[in-house]
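What follows is a single structure, written as C-alpha cells, with notes after it.
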Amino acid sequence: MPLDWQRARRETPGCDRVLHFNNAGAALMPAPVLDATIAHLQLEAEMGGYEAAALACERVERVYTATAELLGCEPGELAIVENATRAWDMAFYSLNFQAGDRILTAASEYASNYIAFLQVAKRTGATIEVIPNDETGQLSVSALERAIGDRVKLIAITHVPSNGGLVNPAAAVGRVARAAGIPYLLDACQSIGQMPVNVREIGCDFLSATGRKYLRGPRGTGFLYVRQALIEQLEPPFLDMHAAEWVERDRYRIRPDARRFETWEANYAAKIGLGVAIGYTLSWGLEAIRDRIRQLADRLRLQLAAIPSVAVRDLGRIQSGIVAFNSDRLSASQIATALNARDINVSISSLSSTRLDMESRQQIEFVRASVHYYNTVEEVDRFCDSLQQVLAGG
Ligand SMILES: *Cc1c(COP(=O)(O)O)cnc(C)c1O
C-alpha cells in the first residue's frame, strides 16, 4: 500500500510554508508531536513541573515502549537523553580503553565521534583504524574481516552518514562483530525513522540516534540502546542520583537498566513529544516510509544528474534519502542561500563534519537535499527548476 502522503502533508503544518529538503538536519514536526509537546509545557506552567510529570507518567513511559518497538529491543535497554552525541558518548566513554587497544571505524564517520576517538587515543594510547570502502563506496566488509584480530576493543561506524546517500552494510558488520565477540557501536542518527532499523537483526551492542531528524521529533532529544548483557558491565562516565543511588556514606549503587546512562533532570515535554513522534513513525510503517523516500530520492538524483554543471556525490550500493551534490558554477553555500531565499530548505555538509571522506574525495562542501515521505514529486521537480534558475544566475 503506498503511503498516504496527502494525509501526511495535511498533518504537517510546515508543508504550507516551505519546501523542506532539510530532513537530515531537522525534519518538520507533525501536528500530533507539536500538540503533545506544547500541551505538556502548558501543564507544567499551570500546575507545576513535578506535578505535571506525575500526571503524565504514562505518556513519558510511552517513549521507552515506542522506541523499543521501533528498534526491536526491550524498554530496559534504552536511555532517553538530550541528543545523539550524548547518547553515543555515554556508551563510548564507558568503555575502558587501554594503550594498544584498537578502535575500528569507517571512512564516513561523523566528526563528533571521531573527535571522541582522538581524545581517547590521546588520553589512553588506544589506536584508531579506518576500514577502507569497497568499490561502491560503502565500508568494505572483507577489509573489516581482515582487520579483526588481537586488541580490537570496539567497532564503531555510522549507518547513514550525514554528508550523502550512502547506507553502510550495518548488519554485515554486525555479523563480523558477533563472530569475533567485539562490541559494536552504531551511529544510526540518519537511518532511524527513514528505514527499518532492528538492533537484533543488525547485531549491534549499542545504537545512538537523535529525535529531530527522520523521526520528526522535537529538538534536544536522542536515545541510546545498550544490549542487556552489557548494561551491568558498563559504568557510565557520569553518574547522578537517577543513574545511581547513594546507599551508604561512601557507597553508591548504579541502577541495573540502561537508564543509568540518563540524568535525573530532563525535558519532559520533549520526551513526550519524542514518544509521540516514534509512535507516529510506526503508524506509517518503516517499509512504506523507506519506499516512498527512495522513490523521491531516486527521482531527485536523476534530475540533478541531468543538469550539466551539477555533480551528484552520493556513494554506496544502497542509497538513502540524503542527496549530496555540488556545482562548478556556484559554491554549495551560495546555492543553499539562494534556495533558502526562495523558501526552499537545504543544508550544507562541510569538510570538517566528515573529514576522512571529504578529504579522500578532495571535496570542500556539498549541498545536502534530504527528502522525507511527506515531500512530493512536484516538490522534487520544483526544486530542480529553482536550482537551474539559481545556477543560471536568475
Ligand atoms: C546529526 C548526526 C549526529 C549528531 O546528532 P545530535 O543529535 O545532533 O547529537 C551524529 N551522527 C550523525 C551521522 C549525524 O548525522
Side-chain angles (χ1 to χ4, degrees), residues 21-27 29 63 67 78-93 105-118 130 137-139 155-170 173 184-195 197 202 204 206-225 261-263 266-267 270-271 273-274 277-278 293 313-316 319-324 345-358 365-372:
F21 282 4
N22 191 15
N23 294 290
M29 274 184 279
V63 70
T67 309
L78 294 166
I80 309 295
V81 295
E82 58 269 44
N83 56 63
T85 304
R86 181 43 46 92
W88 189 98
D89 284 343
M90 288 305 266
F92 179 69
Y93 285 95
T105 188
S108 57
E109 197 61 3
Y110 189 66
S112 298
N113 306 349
Y114 208 86
I115 289 167
F117 296 154
L118 290 170
V130 180
Q138 67 176 27
L139 173 146
I155 298 170
I157 67 157
T158 296
H159 193 188
V160 169
S162 60
N163 72 329
L166 170 66
V167 181
N168 266 320
V173 170
Y184 172 22
L185 167 55
L186 184 66
D187 176 341
C189 253
Q190 296 291 2
S191 52
I192 208 86
Q194 74 154 313
M195 59 187 69
V197 174
I202 289 173
C204 56
F206 314 101
L207 179 144
S208 58
T210 200
R212 73 178 184 279
K213 295 178 181 172
Y214 278 90
L215 285 173
R216 310 182 66 191
R219 295 198 65 172
T221 57
F223 56 82
L224 173 67
Y225 155 80
F261 299 101
E262 296 179 345
T263 50
N267 184 337
K271 253 175 122 157
L274 177 63
I278 293 173
I293 289 174
R313 300 295 182 182
D314 298 322
L315 303 174
Q319 296 186 330
S320 76
I322 302 177
V323 180
N345 296 343
V346 291
S347 54
I348 298 293
S349 275
S350 62
L351 170 65
S352 64
S353 66
T354 41
R355 178 171 284 279
L356 301 179
D357 176 49
M358 297 297 268
E365 54 175 20
F366 296 151
V367 181
R368 183 179 67 176
S370 43
V371 297
H372 215 323

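Atoms within a ligand are numbered from 1 in the order they appear, just like the ligands themselves. As the structure is a computational prediction, the values presented were derived from the model and not from experiment.
The stretch residues 346-356 participates, sequence neighbours left out, in these salt bridge (charged side-chain N to carboxylate O under 4.0 Å, His left out) pairs: R355-E359.
The ring of F117 has its center closer than 6.0 angstrom to the ring center of W88.
When all heavy atoms of G25 and K213 are compared, the closest pair comes out as O-CG, 3.5 Å.
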Please lay out, stage by stage, how T158 and E109 fare under the test side chain to side chain donor-acceptor pair (under 3.5 Å).
CA-CA 6 Å; T158 296; E109 197 61 3; 2.8 Å; yes

Working for side-chain contact (heavy atoms from CB on, under 4.5 Å), residues L207 and F223
CA-CA 8 Å; L207 179 144; F223 56 82; 4.1 Å; yes

Give every pair made of an N or O atom of ligand 1 and a protein N or O atom lying under 3.5 Å apart, one pair per line with both atom names and the distance to 0.1 Å, or write 'none'.
unit_1: ligand 1; atom_1: 7 (O); unit_2: A84; atom_2: N; d: 3.0
unit_1: ligand 1; atom_1: 7 (O); unit_2: T210; atom_2: OG1; d: 2.6
unit_1: ligand 1; atom_1: 7 (O); unit_2: R212; atom_2: NH1; d: 3.1
unit_1: ligand 1; atom_1: 8 (O); unit_2: R212; atom_2: NH1; d: 3.1
unit_1: ligand 1; atom_1: 8 (O); unit_2: R212; atom_2: NH2; d: 3.0
unit_1: ligand 1; atom_1: 9 (O); unit_2: A84; atom_2: N; d: 3.4
unit_1: ligand 1; atom_1: 9 (O); unit_2: T85; atom_2: N; d: 2.8
unit_1: ligand 1; atom_1: 9 (O); unit_2: T85; atom_2: OG1; d: 2.5
unit_1: ligand 1; atom_1: 11 (N); unit_2: D187; atom_2: OD1; d: 3.3
unit_1: ligand 1; atom_1: 11 (N); unit_2: D187; atom_2: OD2; d: 2.6
unit_1: ligand 1; atom_1: 15 (O); unit_2: Q190; atom_2: NE2; d: 2.9
unit_1: ligand 1; atom_1: 15 (O); unit_2: K213; atom_2: NZ; d: 2.8

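A donor and an acceptor atom, one from each side chain of R368 and S370, are nowhere located under 3.5 Å apart.
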